[in-house]
**Q** 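Sharing a structure with you now.
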Amino acid sequence: MSEARMTLPPLSVWAPHAQTVELALTTAPPGAVHGAEHRWDGAERLPLDRQDDGWWTPAESVRARWTNLARAGLGYGFVVDGEGPFPDPRSRCQPDTVHGPSRLFEASAHGWKDGDWAGRPLRGAVIYELHLGTFTDEGTLDAGAQKLDHLVSLGVTHVELLPVNSFGGRHNWGYDGVGWYAVDASYGGPSAYQRFVDACHGAGLAVIQDVVYNHLGPSGNYLPRFGPYLTEHSTGWGSGLNLDGPDSDEVRRYILDNARMWFEDYHVDGLRLDAVHALQDTRARHLLEELAAETDALSGRLGRPLVVVAESDLNDPRLITERPGPGADGAGGYGLTGQWSDDFHHAVHVALSGETDGYYADFAPLSALAKVLNNGFFHDGSWSSFRQRRHGRPLGEHIPAEALVVCLQNHDQVGNRAAGDRLTASLDEGQLAIGAALLLTGPFTPMLFMGEEWAASTPWQFFTAHREPELAQAVTKGRRREFARMAWSDDEVPDPQSPETFAASRLRWDEAETGRHARLLELYRTLARIRIERPELTDPDRSTTRAVVDDERHWVRMDRGVAAESGAGADVGPGSVVLLAALGAEPMPVPDELRRYRLLAGHGAGGPCTAVPDDARVPPHGFLLLGREGQS
C-alpha cells in the first residue's frame, strides 16, 4: 500500500480549509474525567505548522516534548479555528470514549509470536462471525481468546469480528462506530486486540475484521470539524463519505490507510467491508478496486494471503471479477476476494421457515433454492417483486464457488428482526440440521453466526447505549415505528437502550452441553470434518454442483462432485457426495442408484441418523448425506 500518509510525524492532522490548528495536551490520565466539560480542563495549546497539502504538523520541539508526555499515557487533541479540542481522526486509543482525549499507541511494542504464520486463503474456509461484547460474559478480546479451542473443534478456519472501532457508549452493536483507527476500550483496547490475533494465529485461525467505510455513527463524529470527509449523499444510516468530490484524495487515503493498519499493525488476515452498495464513487477507478489492488500488493510483500470480502446487495459480479492487467484499457472487475450473497440465506430461510414477507416473497418456490445452489445468484437479472424492477446479473463461469460467502444466520438477519429471534425459536431440530447440511456441504464459503452451532436459545437483539438523551429517545422511537408498520406492538419490540436488551443477547455457553444443543453441535462438527475430508465439497468449479427439487413434496437433492458434461443433454450421473433432504411432511425415497453409497451423516427431527433407514427413506424434516464407496 502507498506510503503517502503512514509516515507523517505523530500529531499531524489533515484540515485543508482551516486557518489555524493547535495541538491540545492534557495531563488528565485515562478514566480520570467523565463529564464532557471536564475532559480538557487545563489543556495546553501549541500551534501546528500548515503544509502545502493541507496537513498540519508539529514543530520538532513539540514532537520532542510529546515523546515524554506519550510515555506517561497522557492525552491530546486538536483545536481547529478556535473550536475544540477534538480527538485525533486517526487516534489509535480512546480510553474515555470517542469524546475524550486521544492517547498514543505504539503498535510496534507488541512482541508478536506468529512469525511462522502463513495465513489462510478463502478456499476451504469456514467463517465464524462473532460480536465481542456478547460472545462471552466479560465481552472482551481476552475473554474471547479463551474460546478459541471451541472454534477449532468446530472446524472453523476464520474468525470474523464485528466492528470493534471506538464508539460513544458502554456497548454497541458495532455499526455506530466513529473512531475508525481505535479499538474500543470496552473490548480491551488495541493491545488486547494484538494479543487476540496472536492467540488466533497460534490456534491456526485467521482473523477477518469487519469494517464500516460507508458511514459513521451519530455520536462523536468530529470528522467534519477537520475537513470535507462527508457528502450530502445519504446512505440510510448517515451521510456518505466524500469519495469523488473536491479533496476526496485524502478521504480515500484515510480509508486505505485504515485498511493497511489492520493488516500491518494488527496482523489481520482479511477485511469484511460493510454495505459497499452504499459507497458513492463515480471516479474512473473505484475505491474498491484501489483497495483490492493495494491489499494484493501488501499480501505479496507480507508473504501471506489477505482477503477482502464485501457485503453487497447488488448481485454484481464485477466486485469479484479480476481486475484488468497492467496497461489494459478495457473494463474489468474490482478484484475483491469474495462477497456476501444474501440469496442463499433467503432461499434456505424461506424453504425451512415458510416466511414469505417482504424480500422473501421471490424465494417462495423451492426452485429458488435449486437456482441458488446451481448458479450462485437467484436474482441474476430476474424480476424482484420487493424492488419492483429487475435485479442482478449472472455470475460468469470464471467466478470460483468460494467467492460467495453464505450463511443461515448473521448479525443482520437475526438482529434486524423485531425481536432478534434466531431460527432456533421457530424451527425443530431436524429443520435446523437440514440448514446446517445445506450450508456446510454446499458449494460456497459457509459462515456461522456465534451460537448457531448449538442452536443457542438466546436472541441477538438490536442494542445501543447512547449517552445523549435525545439520540437515545430517537433510536427507541424509530425502532418501534419501523416495526409498527408490520403490526408489531411496542411491547414486542425490545428497547435498544435498555441494559436488559444487551444482557439478553449474551450467549449462554452452558446450554451447549445438553439436549438438542449438544446434538446439533456434534452435527456441525461432523459436517465440518466431512467438508475437510471430501475435496469435492470445496471444489471451486461451480459446474460440479447440481441441485434439483420437488416443489410439491418439498424434497431437495444436491449432488457434489458431478462429472463434467460431455455434451448438451448428457446424463452426467450422480455426484460422489449426495445430499437428500425432506423439508416437508412426506419421507423422501433414496434413489436406487444411491443404495450402494455409504452414509456420511444424517439427522431427523428426533436426532442423528446412524444408518440409512430400513425403508430407504429420508425421514420428514431430515437429511441423509451419502458418499460413493471407495472414496475418502
Side-chain angles (χ1 to χ4, degrees), residues 127 129 160 162-163 173-175 208 210-215 233-241 243 271-282 286-289 291-292 308-321 333-351 355-364 368-369 371-373 375-396 399 401-417 439 444-447 449 462 482 486:
I127 302 173
E129 185 189 41
E160 182 170 313
L162 266 63
W173 223 49
Y175 297 88
I208 297 175
D210 191 342
V211 291
V212 184
Y213 292 146
N214 59 68
H215 77 286
H233 161 64
S234 176
T235 64
W237 311 289
S239 298
L241 276 292
L243 301 179
L271 299 177
R272 180 264 185 187
L273 310 179
D274 181 64
V276 299
H277 48 270
L279 298 172
Q280 182 170 290
D281 185 3
T282 61
H286 196 282
L287 174 72
L288 295 178
E289 180 184 349
L291 175 58
V308 180
V309 178
E311 178 200 13
S312 172
D313 73 351
L314 299 179
N315 281 22
D316 185 356
R318 176 171 43 178
L319 272 66
I320 48 179
T321 297
Y334 297 156
L336 300 176
T337 320
Q339 72 171 86
W340 279 23
S341 178
D342 283 345
D343 285 3
F344 178 91
H345 169 272
H346 298 346
V348 176
H349 185 91
V350 173
E355 289 186 33
T356 55
D357 296 331
Y359 50 71
Y360 289 138
D362 294 333
F363 298 85
L369 177 58
K371 181 178 180 180
V372 169
L373 293 170
N375 300 339
F377 287 158
F378 175 76
H379 283 305
D380 53 7
S382 61
W383 174 257
S384 166
S385 62
F386 177 73
R387 298 174 179 85
Q388 286 295 295
R389 60 171 173 79
R390 294 188 176 276
H391 183 67
R393 189 174 186 174
L395 285 174
I399 301 293
E402 72 268 9
L404 297 186
V405 176
V406 300
C407 67
L408 302 177
Q409 305 176 78
N410 62 37
H411 75 272
D412 270 332
Q413 301 299 344
V414 176
N416 282 330
R417 295 174 67 85
L439 178 70
F444 314 119
T445 297
M447 184 179 75
F449 182 56
F462 178 70
E482 175 186 354
M486 293 178 260

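Because the structure is a prediction, the values reported are computed rather than measured.
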**Q** Can you see which heavy atom on Ala368 is nearest to which on Asp362, and at what distance?
**A**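 Heavy atoms of Ala368 and Asp362 come nearest at CB-O, 4.4 Å.
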**Q** Out of curiosity, His215 NE2 to Leu279 CG, how far, rounded to the nearest 0.5 Å?
**A**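 Reported to 0.5 Å precision, the distance equals 11.5 Å.
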**Q** Taking only residues at least two apart or on different chains, which pairs with a member in residues 378-393 satisfy salt bridge (Lys or Arg N to Asp or Glu O under 4.0 Å)?
**A**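 Output for this query lists Lys371-Asp380.
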**Q** Per the side-chain hydrogen bond (donor to acceptor under 3.5 Å, both in side chains) rule, what does the pair list look like for residues 336-348, sequence neighbours excluded?
**A**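 Sorted result for residues 336-348: Asn315-Asp343.
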**Q** Looking only at atom types and distance, does a side-chain atom of His277 sit under 3.5 Å from a main-chain N or O of Asp313, one as donor and one as acceptor?
**A**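 Checked: pair present.
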**Q** Provide the closest heavy-atom pair for Pro163 versus Gly174 in the form atom of the first, atom of the second, distance.
**A**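 Looking at all heavy atoms of both residues, the closest pair is CB-O, 2.9 Å.
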**Q** Parallel, tilted or perpendicular: which one describes the rings of Tyr175 and His411, with boundaries at 30° and 60°?
**A**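 Tyr175 and His411: parallel rings.
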**Q** Under a 4.5 Å cut-off applied to non-hydrogen side-chain atoms, are Leu439 and Val406 in contact?
**A**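 Contact flag for Leu439/Val406 side chains = yes.
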**Q** For Tyr359 and Gln413, work out which heavy atoms get closest and say how close.
**A**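 Minimum heavy-atom contact is OH-OE1, 3.3 Å.
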**Q** Would you check if Phe377 and Ser382 make a side-chain contact, meaning some heavy-atom pair closer than 4.5 Å?
**A**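 SC-SC contact between Phe377 and Ser382 ruled out.
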**Q** Taking the side chain as everything from C-beta on, heavy atoms only, tell me whether Leu243 gets closer than 4.5 Å to Gln280.
**A**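 The answer is no, as the side chains (C-beta and beyond) never meet within the 4.5 Å cut-off.
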**Q** Hey, what do you get for CZ (Phe363) to OG (Ser385), rounding to the nearest 0.5 Å?
**A**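 With rounding to 0.5 Å, CZ (Phe363) is 9.0 Å from OG (Ser385).
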**Q** Rounded to the nearest 0.5 Å, what separation is found between the CZ atom of Arg272 and the CG atom of Asp210?
**A**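 One finds 4.0 Å between CZ of Arg272 and CG of Asp210.
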**Q** Using side-chain heavy atoms (C-beta onward) and a distance below 4.5 Å, is Ile399 in contact with Thr321?
**A**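 With C-beta onward as the side chain, the pair touches.
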**Q** Any idea which heavy atoms bring Ala292 and Gly335 closest together, and the distance?
**A**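 Looks like CB-O, 3.7 Å.
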**Q** Measuring from atom CG of Leu287 to atom CG of Asp281, what distance do you get when rounded to the nearest 0.5 angstrom?
**A**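 Going from CG on Leu287 over to CG on Asp281, the span is 6.0 Å.
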**Q** Please determine whether ring pair (Phe, Tyr, Trp, His ring centres under 6.0 Å) holds for the pair Phe378 and His391, giving the CA-CA distance in whole Å, both sets of side-chain angles, and the decisive distance to 0.1 Å.
**A** CA-CA 9 Å; Phe378 175 76; His391 183 67; over 10 Å; no
**Q** If you measure from CD on Glu289 to CG on Leu319, what distance do you get to the nearest 0.5 Å?
**A**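 So the gap between those two atoms works out to 11.0 Å.
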**Q** Please check if the side chain of Glu311 supplies one atom and the backbone of Ala275 the other of a donor-acceptor pair under 3.5 Å.
**A**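 Pair found, side chain donor or acceptor close to backbone of Ala275.
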**Q** Using only atom types and a distance under 3.5 Å, with no angle test, would you say the side chain of Asn214 pairs donor to acceptor with the backbone of Asp274?
**A**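 Looks like yes, one N/O pair under 3.5 Å.
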**Q** Do Leu288 and Leu273 have side chains that get closer than 4.5 Å, going by heavy atoms?
**A**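 Sidechains of Leu273 and Leu288: in contact.
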**Q** Is there a side-chain contact between Val348 and Leu369 in this structure, where contact means two heavy atoms from C-beta onward sitting under 4.5 Å apart?
**A**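 They are in side-chain contact.
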**Q** Once you round to the nearest 0.5 Å, how far does CD of Glu160 lie from CG of Asn410?
**A**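 Between Glu160 CD and Asn410 CG, I get 9.0 Å after rounding to 0.5 Å.
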**Q** Report yes if some heavy atom in the side chain of Ile320 is under 4.5 Å from a heavy atom in the side chain of Leu404; otherwise report no.
**A**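 Yes, their side chains come closer than 4.5 Å.
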